[in-house]
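Indexing begins at 1, ligand by ligand and atom by atom, following the structure's order. No hydrogens, no waters, no symmetry mates; every other heavy atom, side chains included, goes into these values.
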Amino acid sequence: MRIAVLPEEVVAQIAAGEVVERPASVVKELLENALDAQARQVRISIEGDGRQRIVVADDGSGIHTDEVETAFMRHATSKLRALDDLSRLHTLGFRGEALASIAAVSRVTLATRHIDEQAGTRMLIEGGHLRDRKSIGAPSGTVLTIENLFYNTPARLKFLKTENTEKRQIAAVITRYAMAYPSVRFILEQDGREIFRTHGSGFLGDVITAALGLEHGKQMIEVDNGESERIRVYGYTSAPSLNRADRSRITLFVNGRWIVDNSLTYAVIQAYHTLLMTGRYPVAVLMIEIPPEEIDVNVHPTKAEVRFRNGDAVFSAIQKAVRRAVIEQAQTPGIFAGRFSAPGEPSRAWADRYEAAQLDLSLDLADPGQHARKQHQDVAYDENDPTAVPYGPGAPAKPRTLPLLRVIGQVAASYIVAEGPAGLYLVDQHAAHERILYEQFMDEHEQQGMIAQFALAAQTLHLSPDEARLLEDNLTALQAFGFDVEPFGQNTFVVRSVPAMLADREPAAVISGILEDLYQGNKPGQARIEDKIVLRVCKQAAVKAGQILSLEQMQGLIRQLERCDSPLTCPHGRPTMIHMSSEQLEREFGRAGA
Ligand code: ADP
Ligand code: MG
């Protein structure tokens, strides 16, 4: 091919690719524009996954009649005149690219009226070409309607995820901005249904509750290092009891701009050092305020990256502020208190270890709630406790897969020590119980197609909008496994029953655990939805590490494990036991051949 300058249209489509990657990026750009226009209210309506239609309506300043066309030109902005202005920037936008980019890959209708003008304008642009324009009467503000997104860029369409993923991304973008702008009222409607609303009260705490759901909102701790700090850090971070399997719930804003920054995210994680198990991450929403001249926001077209003049100082400010808030909270009596009563006079070291195990136990749960606490206080076992290990009458006499084992005792409230003909066995009580429950559950499911249910006094569940969508999408799958959950108003559900083996677990914690697993489900090669539900149910129902078991309970557990089809691994594939053969023992003690 000979060299040729690309036609304007192709240039525009290529450039658009950098700014609008997916429907959620369109929403983000339009939200930023509304916020820059000093809107007090922004209403976002989505159809399908947003490719069909996105409407963003604000009550901001509006656009002057004689500027509506300019607004759609590339590099046209009212927010910046010279490069130098970047160091004083107080707006989210400045590149003048969003409207041009969006218009290049969709059909855009703009309706706007500037506050200082009598009449407004309505304009239609398709694939970047002006199709229609007329004068209209309208309240001051701007309504942008984006339809047929990516209709002329088939390659981009192919890269979009499933409809549900895109919907969730959109909800996530909106909740994020709602948290950064608590004094602005945000309303999100999907397919004509309102799924999220903030009240613009100005209190971040109110928005946190709307955004994370009441359940999680309650577990958030306020962070604030003080208004006078040069690098101010404020917002909310989770008590260690609320944690996640990935870092995606750590949200950071710098001067009101949502940013993605691995290093600063790590500062938040670091603040939980020794408070969270490895592989668990906090939930946080933090606002960082820093003089504009200390940062460079012009790093990437999506403006989601920021460079700091002194990154280390920002890192340490975040880490300190979060750490202090979490530690202070943890020291308040009541949060971890009342869980540990040492039998007799144990040595200090033992007590420390034991306490650590107790702490781990609470950290292991996505949401320990009242129930876990209660369950822990009366460590002594209840015969009717369905999680008590002894096998039920229904347990079929399956062939033995392990030799007969004699239980000797428990180590660290987590491992069962047993002896068999071939030596010593150290059994991980949680992993082993997970395996047992998993096989029982699958048998039950195969034989009856239905799972024994436990009816609850109806419990309500308040979720974040994106979690609510995820739950809605999976209600049928959950039903097949004994969960009876019904939508009950905006982002609220009623739980009427759960699988019988979860009878004494906190339903909110169980469902939140399942949602967490499903949330991560969009990566290829991940387990099927059904598998995830079963695995999570068994994990939640199994005895925890750190739970003291009676000899009978241990014996019951081992008896059942001996007849599992695959007794050597838990359903996640981790080992349930370590075996030390008699020969190995002899070798270790130097008795071999003696
Ligand atoms: P930028 O936000 O970087 O300036 P955009 O392409 O997003 O670039 O918008 C171009 C211009 O259009 C903005 O600078 C602003 O003047 C105007 N504009 C866009 N959206 C709105 C809105 N919702 N209300 C008022 N003005 C808007
Ligand atoms: Mg903009």
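- For ligand 1, the atoms closer than 4.0 angstrom to any heavy atom of Ala37 are 24 (N), 25 (C).
- Between Glu8 and Arg74 there is a side-chain heavy-atom pair separated by less than 4.5 Å.
- Counting protein heavy atoms only, atom 16 (O) of ligand 1 is closest to Ser78 OG, 2.5 Å.
- Atom-to-atom distance recorded for Tyr519:OH and Thr165:OG1 is 9.5 Å, nearest 0.5 angstrom.
- Proximity of Leu461 to Ile511: side-chain heavy atoms (C-beta onward) are separated by under 4.5 Å at one or more points.
- A donor-acceptor pair under 3.5 Å is formed between the side chain of Asn152 and the backbone N or O of Ala104.
- Listed by number with element, the atoms of ligand 1 under 4.0 Å from a non-hydrogen atom of Gly62 are 25 (C).
- Under a 4.0 Å criterion applied to the non-hydrogen atoms of Ala71, ligand 1 contributes the atoms 10 (C), 12 (O).
- Protein heavy atom at the shortest distance from atom 21 (C) of ligand 1 is Asn33 CB, 3.8 Å.
- Proximity of Ala98 to ligand 1, defined as any heavy-atom pair under 4.0 Å, is shared by backbone and side chain alike.
- Residue nearest to atom 4 (O) of ligand 1, selected from Thr91, Val143, Thr112, Thr77: Thr77 (by heavy-atom distance).
- Judged purely by distance below 3.5 Å, without hydrogens or angles, the side chains of Glu467 and Ser464 pair a donor atom with an acceptor atom.
- If you look at Glu32 next to ligand 1, there are no close heavy atoms at all, none under 4.0 Å.
- Residue contact check: Glu97 has heavy atoms under 4.0 Å from atoms 6 (O), 8 (O) of ligand 1.
- Considering only heavy atoms from C-beta on, Arg323 stays 4.5 Å or farther from Lys320 through its side chain.
- Within 6.0 Å of OH in Tyr266 there are 12 or fewer heavy atoms belonging to other residues, nucleotides or ligands.
- In the vicinity of Asp58, heavy-atom distances shorter than 4.0 Å reach the ligand 1 atoms 22 (C), 23 (N).
- When Asp36, Ile63, Val42 are ranked by how near their heavy atoms come to atom 26 (N) of ligand 1, first place goes to Ile63.
- Checking only distances, Arg95 does come within under 3.5 Å of ligand 1, N or O to N or O.
- In terms of modelled atom types and a separation under 3.5 Å, the side chain of Arg113 and the main chain of Ala138 share a donor-acceptor contact.
- In the vicinity of Gly93, heavy-atom distances shorter than 4.0 Å reach the ligand 1 atoms 2 (O), 3 (O).
- A donor-acceptor pair under 3.5 Å links the side-chain atoms of Asn243 to the main chain of Pro240, judged by distance alone.
- For the ligand labelled ligand 1, residue Gly96 lies inside the 4.0 Å heavy-atom shell.
- Inter-residue side-chain proximity for Leu99 and Val108 is flagged as unmet; no heavy-atom pair is nearer than 4.5 Å.
- Here the side chain of Arg193 pairs no donor or acceptor atom with the backbone of Glu189 at under 3.5 angstrom.
- By the neighbour-count criterion of 12 heavy atoms within 6.0 Å, atom CZ of Arg307 is sparsely surrounded, having that number or fewer from other residues, nucleotides or ligands.
- Not a single N/O/S atom of Thr77, whether from backbone or side chain, sits less than 2.8 Å from the Mg ion (ligand 2).
- Considering backbone and side-chain atoms together, Ala100 places no N or O closer than 3.5 Å to any N or O of ligand 1.
- When heavy-atom distances to ligand 1 are checked against a 4.0 Å cut-off, Leu99 comes that close through both its backbone and its side chain.
- For ligand 1, the polar-atom distance check against Phe94 finds a nitrogen or oxygen pair separated by under 3.5 Å.
- Relative to atom 11 (C) of ligand 1, the option among Ala39, Ala103, Ala76, Ser140 with the closest non-hydrogen atom is Ala76.
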